[in-house]
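Take a look at the structure below.
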Amino acid sequence: MLCAPLPVQLQPMTPRHRPTAFASELRRIVADLEGDRRALVDADVRTLDSAGVRSVDDLFESLRRTDDADLPIIACWFVPRIRGIPKATAVRQLVCLLADPSARVRHSAAIALGELGSRSATSRLLKAIGDEDAEVRMAVVYALGKLGDVRARESLLHVLGDLDEKPKIRAAAAESLGSLGDRESGPALVACLRDRSPEVRLFCAFALGELREPRALRALQRMVRTDKGRVRTYGTVGRAARSAIEAIRGARA
């Protein structure tokens with residue numbers, strides 16, 4: 001069930017909330033991009049303008065627009081990137097979308113909450129970690145890693161250990177555990193270095209390197225010698241293990 005529409009309740013309009021300042025902020029965002037990405041975002045700016053989105057208030061209203069399937073998704077991308085929006089206000093507006101009927105909207109909201117980096121979103125993201133849509137679950141796991149909140153550890157460990165979950169999502173959970181900076185995850189990550197999925201093994205090795213976990217050294221050394229697994233785009237598991245060993249030894253030097 002969707003949250004009831006929230007009044008935006010911003011302070012009296014500051015220069016950053018006025019339409020002219022909003023347009024300037026959108027131009028700044030576009031100017032910071034390059035190539036194809038710049039062209040795509042520029043097209044999104046024109047879409048917002050055509051829909052009458054000319055202020056921060058309008059942008060928040062567009063998050064709840066059901067008459068245009070793409071508008072809330074475009075708005076989700078812009079919310080974390082516009083300077084001057086209080087994080088607490090942005091989080092309140094975005095967390096409601098984690099229950100939206102559209103998986104695409106839920107996915108976009110989760111990504112945006114990760115980009116905002118506010119741990120006030122952790123509890124709502126944890127409730128969404130079991131979403132029925134795999135891409136939404138992936139986005140939630142990614143966002144929890146971006147937030148770096150240790151309250152997510154147990155839920156991420158559950159995802160990592162769920163053999164019925166897609167390997168790419170379990171691998172993302174391992175990566176996010178590495179981002180938490182909490183060595184309590186170390187034993188579970190070491191155990192999953194023997195996982196049947198090379199993607200899971202690779203990201204467990206990566207996470208152990210991020211954690212500088214010395215208890216993983218023996219298992220990682222074995223992987224360097226024996227693990228021939230390869231993950232498209234990311235390379236070999238053995239190389240990831242070697243990099244993790246170097247990170248751990250560097251931290252101990």
Side-chain angles (χ1 to χ4, degrees), residues 80 87 91 110-126 128-130 137-253:
K87 283 189 178 182
V91 169
I111 294 293
L113 288 165
E115 294 296 325
L116 277 171
S118 173
R119 294 181 181 181
S120 64
T122 298
S123 59
R124 293 296 295 270
L125 285 165
L126 288 173
I129 204 167
R137 295 197 301 276
M138 183 79 168
V140 170
V141 166
Y142 162 84
L144 288 168
K146 293 279 284 187
L147 299 189
D149 190 333
V150 294
R151 290 179 294 169
R153 183 185 66 224
E154 293 305 318
S155 293
L156 290 171
L157 285 172
H158 177 77
V159 174
L160 174 62
D162 184 359
L163 298 181
D164 293 326
E165 182 57 277
K166 293 180 180 296
K168 70 175 184 177
I169 298 177
R170 297 178 59 223
E175 183 178 12
S176 288
L177 285 164
S179 298
L180 299 187
D182 178 9
R183 287 185 181 172
E184 291 296 317
S185 305
L189 290 164
V190 171
C192 286
L193 291 176
R194 294 180 177 271
D195 196 85
R196 62 191 178 192
S197 164
E199 189 169 9
V200 171
R201 299 197 305 273
L202 185 148
F203 278 98
C204 283
F206 172 81
L208 288 162
E210 291 291 288
L211 294 175
R212 309 297 194 262
E213 176 53 84
R215 293 173 293 182
L217 278 172
R218 182 175 296 178
L220 290 167
Q221 289 165 345
R222 182 183 64 249
M223 291 178 76
V224 170
R225 297 191 303 269
T226 64
D227 199 319
K228 306 302 182 184
R230 177 178 290 274
V231 181
R232 187 176 181 180
T233 303
Y234 297 103
T236 64
V237 178
R239 191 167 86 176
R242 186 178 295 108
S243 296
I245 291 169
E246 291 171 356
I248 295 167
R249 286 177 172 167
R252 299 173 72 187

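Residue numbers start at 1 and run along the sequence shown.
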Student check: side-chain heavy atoms of [X] and [Y] closer than 4.5 Å:
X      : Y      : result
Thr236 : Lys228 : no
Lys166 : Met138 : no
Leu125 : Asp149 : no
Arg183 : Pro214 : yes
Phe203 : Lys168 : no
Arg170 : Leu163 : yes
Leu189 : Leu160 : yes

Has [X] got a side-chain atom pairing as donor or acceptor with [Y]'s backbone, closer than 3.5 angstrom?
X      : Y      : answer
Arg151 : Arg119 : yes
Arg212 : Gly209 : yes
Ser176 : Leu144 : no

Closest heavy-atom contact between [X] and [Y]?
X      : Y      : value
Val237 : Pro198 : CG2-O, 3.5 Å
Leu220 : Ala244 : CD1-CB, 3.9 Å
Ala219 : Leu193 : CB-CD1, 3.7 Å
Gly178 : Glu210 : O-CB, 3.8 Å
Cys192 : Cys204 : CB-SG, 3.5 Å
Leu208 : Ala216 : CD1-CB, 3.8 Å

Taking atom [atom1] of [X] and atom [atom2] of [Y], what is their separation to the nearest 0.5 Å?
X      : Y      : atom1 : atom2 : answer
Glu213 : Glu184 : CD    : CD    : 9.5 Å
Ile129 : Ser155 : CD1   : OG    : 5.0 Å
Leu147 : Leu113 : CG    : CG    : 7.5 Å
Leu202 : Met223 : CG    : CE    : 7.5 Å
Arg201 : Arg196 : CZ    : CZ    : 11.5 Å
Leu177 : Leu157 : CG    : CG    : 5.0 Å

Side chain to side chain contact (heavy atoms under 4.5 Å, CB included) for Ile248 and Ile245? Distances and angles first, verdict last.
CA-CA 5 Å; Ile248 295 167; Ile245 291 169; 5.7 Å; no
Residue Arg222 excluded, over 12 heavy atoms near CZ under 6.0 Å:
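Count over threshold, so yes.
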Would you say CZ of Arg239 has more than 12 non-hydrogen atoms from neighbouring residues, nucleotides or ligands within 6.0 angstrom?
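No, because the 6.0 Å sphere around CZ of Arg239 holds 12 heavy atoms or fewer from other groups.
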